[in-house]
Amino acid sequence: MADHGGSGRRCQLVLIASPLQGHMTPMLQLGTYLHSKGCFSITIAHSEFNSPDPSKHPDFHFQPLPDNVSGTDIVCASFIHFVQTYNNNCKPHFQGHLIKIINEQKDKSNKESIVIIHDHLMFFAASVASELGLPNIILRSSSAAFYPAFMIIPKLHQQGRYPAQDSSLQDIVPELHPFRYMDLPYNNRPVEETLRKITMSTPNSPPSASIYNTLEFLEESALTEIRDHYQGPIFTIGPLHKIIPTPSTSFLEEDMSCISWLNKQAPKSVVYVSLGSLAHVDEKVSTEMAWGLANSNQQFLWVIRPGSVHGFEWIEFLPEGLVAKFKKRGLIVKWAPQKEVLAHNAVGGFWSHCGWNSTLEGVCEGVPMLCQPFVADQQLNARYLSYVWKMGIEIVVERGEIKGAIKRLLVDEEGKKMRGKAMEIQEKIKIALSHGGSSQNSLIDLVDFILSM
Ligand code: UDP
């Protein structure tokens, strides 16, 4: 890996992280990698809500941005309000902070360039950067497929093809093969409009470049589509969590007891269940999940975040009889060290909501998956897993279906085949990350690009 520390060029990077777990993590991972190059100082500007732990990143400077959204419940219904509020509220503080940095640089004899890297949800940073004449790079933490899928929606609207009729939901969108109408990210106009701002960035302040937490071979056609429509370099440097060891970035405390529990289980015998950091489910869905797990007769590790089942503090929704049944072959935790869990030899399957980080984490460990997508890019990611990469099963959340799907995954020949596919992808990822591989080359290009700004 090229070391740029000796070139003498230095740059001050200001990274604007989003307060969502699945966005904060890749930004801190990117910061850790760039810092390791020896030519960047790193400031993490973050909202006060869900702020990162500075003690875990002693080399970074942390700049909190007052946001007035602390305590907001990020359920999907208020997600757009939440995104807009923190963008509005953080903007003036960020502007003030950047002006201070620019003025400090003016007084220095050995000037450093200042470059902004912002999460795509923190779109206020693009307009501030543009107003102050600073280059900005956007970090996209969803799958690349999300962007073409999202950009095509207005055209589909105009042509009366969207929202799709129930009868055509399963049809493939010809321009987006192999994705179906049902895989498209949103079916709600106001949500879509705000998100358009996010995906396009503002026309007056286009990013100087985009970074995608993905791999060339994994999303070839989506990346081609993006390159055909957007100007500016695109760096595909994923999967970020495999590039450099980073301390835990979890907002919630990881329950490490699940690792000692996994140590006692047979190889590939456990299904790990986690729906990520944001999804909320109702009692009926959770109860079907619980019965499906119980009836499968397989071992399981289930993450249930406190408050994630509507109307309950934690697992009070579980019927008495089930709790007793669970004790024999299951463990429920509030939050797990997911990457460690997925890398554990006892884990034979991953039942996931298919958030992009979880998808990449599952793929990197060669673990076949059960797919229960909710919003945004999750349905697209589930389609990748099941139809394109052939290492996942899309499930209907009903106890009988779940029981059957877990058996297919952990016991049947089908599961073994999916594991084989998953391991092939895992191998290709290792190649992409090694010397001369696509992600490794892209990382080197990214460092050179930033230093040339
Ligand atoms: N995660 C974790 N422990 C858990 C559940 C999730 O560390 O018990 C992490 C997971 O490894 C992933 C992130 O939370 O990095 C979730 O991000 P993702 O993009 O998958 O979904 P989101 O939470 O944004 O819906």
Side-chain angles (χ1 to χ4, degrees), residues 17-30 32 50 52-53 56 73-76 79 82-83 119-122 139-146 185 195 198 212-214 238-243 245-259 261-262 270-281 300-309 314-315 331-344 347 350-365 367 369-382 384-385 392:
S18 149
L20 306 183
Q21 183 71 71
H23 293 241
M24 178 65 77
T25 299
M27 188 60 92
L28 291 172
Q29 289 162 340
L30 177 64
T32 306
N50 272 355
D53 180 355
K56 294 204 174 127
D73 192 16
I74 322 168
V75 287
C76 287
F79 179 72
F82 171 78
V83 170
D119 181 280
H120 66 172
L121 289 181
M122 307 297 266
L139 172 63
R140 302 213 182 260
S141 40
S142 308
S143 52
F146 175 76
L195 282 160
I198 297 166
Y212 284 80
N213 185 18
T214 193
L240 272 161
H241 73 284
K242 286 289 182 188
I243 280 162
T246 311
S248 164
T249 52
S250 282
F251 295 133
L252 297 175
E253 195 184 337
E254 293 169 345
D255 185 340
M256 299 307 289
S257 69
C258 60
I259 300 295
W261 182 85
L262 284 173
V270 176
V271 58
Y272 168 62
V273 189
S274 164
L275 304 180
S277 65
L278 293 171
H280 285 75
V281 278
F300 65 87
L301 168 61
W302 188 3
V303 176
I304 304 181
R305 293 184 337 271
S308 63
V309 179
W314 190 35
I315 52 174
L331 180 69
I332 299 179
V333 295
K334 294 179 176 168
W335 191 253
Q338 180 161 301
K339 290 185 268 297
E340 232 177 294
V341 167
L342 288 170
H344 199 288
V347 173
F350 179 18
W351 175 351
S352 170
H353 70 310
C354 307
W356 188 237
N357 292 284
S358 295
T359 301
L360 286 177
E361 289 159 11
V363 168
C364 281
E365 300 309 331
V367 182
M369 292 172 66
L370 295 184
C371 309
Q372 183 187 348
F374 291 77
V375 291
D377 60 344
Q378 295 162 14
Q379 183 68 57
L380 298 159
N381 305 339
Y384 269 145
L385 286 160

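Order of listing sets the numbers, starting from 1, for every ligand and every atom in it.
With a 4.0 Å heavy-atom cut-off, ligand 1 is reached by the backbone of W335 and by its side chain too. Here A336 has heavy atoms under 4.0 Å from ligand 1 in both its backbone and its side chain. The side chain of Y272, and not its backbone, has at least one atom closer than 4.0 Å to an atom of ligand 1 (non-hydrogen atoms only; side chain from C-beta on). Under 4.0 angstrom from ligand 1, there are no non-hydrogen atoms of A279.
The protein heavy atom nearest to atom 24 (O) of ligand 1 is G22 CA, 3.7 Å. Atom 20 (O) of ligand 1 has S358 OG, 2.6 Å as its closest protein atom, hydrogens excluded (heavy atom only).
An N or O contact shorter than 3.5 Å links S277 to ligand 1 by distance. For ligand 1, the polar-atom distance check finds an N/O of N357 within less than 3.5 Å of one of the ligand's N/O atoms. Among the atoms of K339, none of the N or O lies under 3.5 angstrom from an N or O of ligand 1. Any N or O atom pair closer than 3.5 Å counts here, and E361 shares at least one such pair with ligand 1. By the 3.5 Å distance cut-off applied to N or O atoms, H353 is counted among the residues near ligand 1.
Between W314 and I332 the shortest side-chain heavy-atom distance falls below 4.5 Å. You'll find the side chain of W356 reaches within 4.5 Å of the side chain of T214, heavy atoms only. Under the 4.5 Å side-chain criterion, counting only non-hydrogen atoms from C-beta, S250 is in contact with Q21. Put simply, the side chain of Y384 does not reach to within 4.5 Å of the side chain of T359, judged on heavy atoms. N357 is listed as a side-chain neighbour of P26, based on a closest heavy-atom distance under 4.5 Å.
There is no side-chain donor-acceptor pair under 3.5 Å between W335 and E253. When only modelled atom types and interatomic distance are considered, Q29 and T25 share no side-chain donor-acceptor pair under 3.5 Å.
Just one of E254, E340, K339 meets the side chain to side chain donor-acceptor pair (under 3.5 Å) condition when paired with S248; it is E254.
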Would L385 and C354 satisfy side chain to side chain contact (heavy atoms under 4.5 Å, CB included), going step by step from the backbone distance to the final call? CA-CA 9 Å; L385 286 160; C354 307; 3.9 Å; yes
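No donor-acceptor pair under 3.5 Å is formed between the side chain of R140 and the backbone N or O of H120.
Which parts of ligand 1 touch Q21 is read off a 4.0 Å heavy-atom cut-off, strictly below it: atoms 14 (O). For ligand 1 and W356, the ligand atoms under 4.0 Å from any heavy atom of the residue are 19 (O). Below 4.0 Å from some heavy atom of G276 lie the following atoms of ligand 1, by number and element: 23 (O). For ligand 1 and G355, the ligand atoms under 4.0 Å from any heavy atom of the residue are 18 (P), 19 (O), 20 (O), 21 (O). Close approach of ligand 1 to S250 (heavy-atom distance below 4.0 Å) involves ligand atoms 7 (O).
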